[in-house]
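Below you'll find the structure, written out as structure tokens, and then a few comments.
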2 protein chains.
Amino acid sequence: MLTIKGRILLFLAEQGGIARELPISTVKLAEELKISQQTASRVLIELERAGLIERAGIGRKHVIKLTEEGLKELLEMYTSLKRVFETPVEVELEGYVFSGLGEGAYYLQIPYYARKFEEKLGFKPYPGTLNIRLTGRDQVLRRLMVEKAADIEIESFSDERRSYGGAKCIRALMNGEEEVAIIFAERTHYPKEVVEVIAPICLRERFKLRDGDKVTLKVRVSPINL
Amino acid sequence: MLTIKGRILLFLAEQGGIARELPISTVKLAEELKISQQTASRVLIELERAGLIERAGIGRKHVIKLTEEGLKELLEMYTSLKRVFETPVEVELEGYVFSGLGEGAYYLQIPYYARKFEEKLGFKPYPGTLNIRLTGRDQVLRRLMVEKAADIEIESFSDERRSYGGAKCIRALMNGEEEVAIIFAERTHYPKEVVEVIAPICLRERFKLRDGDKVTLKVRVSPINL
DNA sequence: ATTACTATTTCCCGAGTAA
DNA sequence: TTTACTCGGGAAATAGTAA
């Protein structure tokens with residue numbers, strides 16, 4: 001992915017060639033980067049001519065350090081990549097509403113979950129989940145992406161009666177208007193193309209939804225979490 | 001600095017190819033990256049074979065997206081660069097102590113400066129500066145580097161009588177033992193090979209220094225500030 | 001329009017070797 | 001030892017063109 005010039009420049013920077021002069025021979029450099037001594041020599045000459053490094057020959061020992069230009073070159077690449085990895089991308093999920101068997105509502109009225117959701121999401125969830133069946137190519141992959149990025153954790157829990165499975169959530173925007181959360185329950189009988197959504201309000205009322213209506217979910221995901 | 005594969009992968013990521021399928025032709029891609037259409041086509045084939053991207057031809061329109069592998073590839077480069085730019089490097093300055101004309105002491109007893117230094121550095125400076133003349137090749141460049149990274153600002157100031165010049169400071173470790181600060185005064189009559197150091201204590205006493213004694217200053221600098 | 005083949009040129013890596 | 005030249009082979013880029 002990096003040219004030889006790039007690899008050498010990066011290697012020199014990693015070795016501390018930013019702050020001080022590195023005593024390194026073309027032979028050593030070639031060994032480290034698994035290239036020939038000749039190539040190392042030639043590329044150093046080119047980097048020097050391009051003003052990206054400076055060399056000095058003190059007696060037999062040669063030393064190398066990056067110039068400001070050389071550091072700038074690396075910095076440019078760094079900022080490009082930084083932008084890619086630190087700018088959230090919007091992933092859009094699309095699917096159709098359908099009715100479940102009311103398990104969502106069942107779980108949400110269990111005090112443990114109700115309390116946890118309110119604590120972690122900052123709202124008291126309406127006691128019912130909206131089931132959405134994703135459609136179209138690529139949707140399941142996107143769902144996996146979103147699940148991977150889901151960063152709000154509801155821990156599993158057990159009391160003397162039974163155990164409660166955990167879940168992961170992530171905030172989303174439904175139909176471009178309403179703040180909701182997608183729930184990925186640890187134990188679910190739904191297949192991978194289904195997601196469950198909760199919100200502080202009744203989403204069916206809010207959007208006048210009937211089974212089969214299409215809805216969209218926009219999720220902001222940082223690529224570094226993928 | 002990036003190979004064509006790298007440039008194309010980065011471009012696709014920048015265009016949002018992480019989260020969704022991009023509709024982009026080899027002609028457009030070639031234009032954007034200033035390469036030939038043929039090269040764009042060939043490289044896409046290679047990237048696809050390497051498992052870094054996925055393509056789908058929906059009718060005439062072709063779409064491209066990065067695979068997890070492709071994103072991982074970029075992430076590796078990103079983490080290498082991140083390490084380089086976010087790991088502080090230690091810059092070592094070396095020089096000989098000499099006596100000035102007492103201006104350091106003069107300025108440090110001016111209440112404005114005394115107060116400012118204490119506020120910004122977190123210690124009450126001993127009323128006197130230690131003057132150090134840097135020696136050896138590369139030292140002046142290092143000094144410039146350190147000055148550029150100096151991030152503690154003492155603002156200039158004026159009252160009815162006169163104006164007080166500003167300064168920039170940076171923390172350093174003298175002789176590997178004592179926490180000090182290097183002062184880069186805006187107005188100084190010293191040449192570039194001289195730095196002035198202050199500390200909460202009398203450094204001359206602490207290290208039993210006499211004129212001509214050698215001292216070192218270690219400064220931690222984040223490469224991103226250079 | 002589009003992608004991608006084949007042919008040609010250009011460029012770059014590394015072997016041999018001088019200094 | 002060290003760096004860096006010349007040069008031959010091969011990879012990689014573009015041109016031409018088919019589908």
Side-chain angles (χ1 to χ4, degrees), chain A residues 1-13 15-17 20-67 70 73-74 77 137-138, chain B residues 1-13 15-17 20-67 70 73-74 77 137-138:
Chain A
M1 305 293 288
L2 278 175
T3 59
I4 297 216
K5 282 188 191 179
R7 287 175 57 204
I8 290 187
L9 208 57
L10 180 57
F11 177 78
L12 294 174
Q15 297 300 307
R20 62 178 195 284
E21 299 180 318
L22 297 173
I24 187 163
S25 73
T26 55
V27 176
K28 196 89 190 66
L29 189 58
E31 263 170 33
E32 293 280 356
L33 299 180
K34 313 226 187 294
I35 55 176
S36 68
Q37 176 273 322
Q38 292 87 337
T39 297
S41 170
R42 179 175 45 78
V43 175
L44 286 180
I45 292 169
E46 287 165 7
L47 287 172
E48 196 174 11
R49 289 211 179 120
L52 303 184
I53 63 167
E54 274 169 6
R55 292 200 289 176
I58 307 173
R60 295 253 170 114
K61 288 283 166 201
H62 286 237
V63 290
I64 311 177
K65 65 173 289 194
L66 270 73
T67 61
E73 192 81 17
L74 288 178
M77 251 171 39
R137 42 171 283 98
D138 205 36
Chain B
M1 306 290 290
L2 279 174
T3 60
I4 297 218
K5 282 188 192 179
R7 287 174 58 202
I8 290 186
L9 208 58
L10 180 57
F11 178 79
L12 294 174
Q15 298 299 308
R20 62 177 197 284
E21 299 180 317
L22 295 174
I24 186 164
S25 74
T26 55
V27 176
K28 196 91 192 67
L29 190 59
E31 264 171 30
E32 293 280 358
L33 300 180
K34 314 230 187 290
I35 55 175
S36 68
Q37 176 273 324
Q38 291 87 340
T39 297
S41 171
R42 178 177 45 79
V43 175
L44 286 180
I45 292 168
E46 288 165 9
L47 287 172
E48 196 174 10
R49 289 209 180 121
L52 304 184
I53 63 167
E54 274 169 6
R55 291 200 288 176
I58 309 173
R60 295 256 170 112
K61 287 284 165 199
H62 286 237
V63 291
I64 310 176
K65 66 171 289 193
L66 270 73
T67 61
E73 192 82 17
L74 288 178
M77 249 172 37
R137 43 171 283 99
D138 205 38

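Only a predicted model underlies this, so the values are computations on that prediction, with no experimental measurement involved. Lettering of chains follows the sequences in order, A, B, ..., and the numbering in each one begins at 1.
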Given [options], which nucleotide is nearest the side-chain atoms of [X]?
{"X": "B:Ile35", "options": "D:dT3, C:dT3, D:dT14", "answer": "D:dT14"}
{"X": "A:Ile45", "options": "D:dA4, C:dT3, D:dA12", "answer": "D:dA4"}
{"X": "A:Ser36", "options": "C:dT3, C:dG14, D:dT3", "answer": "C:dG14"}

Expressed in angstrom and rounded to an integer, what is the separation of [X] atom [atom1] from [N] atom [atom2]?
{"X": "B:Leu33", "N": "D:dT14", "atom1": "CG", "atom2": "C1'", "result": "15 Å"}
{"X": "A:Leu44", "N": "D:dT2", "atom1": "CG", "atom2": "P", "result": "14 Å"}
{"X": "B:Gln37", "N": "C:dT6", "atom1": "CD", "atom2": "C1'", "result": "14 Å"}
{"X": "B:Lys5", "N": "D:dA11", "atom1": "NZ", "atom2": "P", "result": "13 Å"}
{"X": "A:Lys28", "N": "D:dT1", "atom1": "NZ", "atom2": "P", "result": "15 Å"}
{"X": "B:Glu48", "N": "C:dA4", "atom1": "CD", "atom2": "C1'", "result": "12 Å"}
{"X": "B:Lys34", "N": "D:dA13", "atom1": "NZ", "atom2": "P", "result": "17 Å"}
{"X": "A:Glu31", "N": "D:dT1", "atom1": "CD", "atom2": "P", "result": "12 Å"}

So does [X] get a side-chain nitrogen or oxygen closer than 4.0 Å to the phosphate oxygens (OP1/OP2) of [N]?
{"X": "B:Arg42", "N": "D:dA13", "answer": "yes"}
{"X": "A:Thr26", "N": "D:dT3", "answer": "yes"}
{"X": "B:Ser41", "N": "C:dT3", "answer": "no"}
{"X": "B:Arg55", "N": "C:dT2", "answer": "no"}

- Query: DNA chain C: B:Ile24 or A:Ala40, which has the more 5' nearest nucleotide?
  - Reply: B:Ile24

- Item | Validation row: B:Gln15, B:Ile24 side chains within 4.5 angstrom (heavy atoms) | no

- Task: Classify the side-chain pair A:Gln37/A:Thr26 by whether it contains a donor and acceptor separated by less than 3.5 Å.
- Result: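 A:Gln37 vs A:Thr26: donor-acceptor pair found between side chains.
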
- Does the base of D:dA15 carry an N or O that pairs as donor and acceptor with the side chain of B:Gln38 under 3.5 Å?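 A donor-acceptor contact between them is present.
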
- Which is true for A:Thr39 with a 4.0 Å heavy-atom rule: it touches a base, it touches only sugar-phosphate, or it touches nothing? base

- Query: Base, sugar-phosphate, or nothing: which does A:Ile4 touch, judged by heavy atoms less than 4.0 Å apart?
  - Reply: sugar-phosphate

For the student: nearest non-hydrogen atoms of [X] and [Y], plus distance:
{"X": "A:Leu33", "Y": "A:Arg7", "answer": "O-NH2, 2.6 Å"}
{"X": "B:Leu29", "Y": "B:Ala40", "answer": "CD2-CB, 4.3 Å"}
{"X": "A:Arg20", "Y": "A:Lys65", "answer": "O-CB, 3.6 Å"}

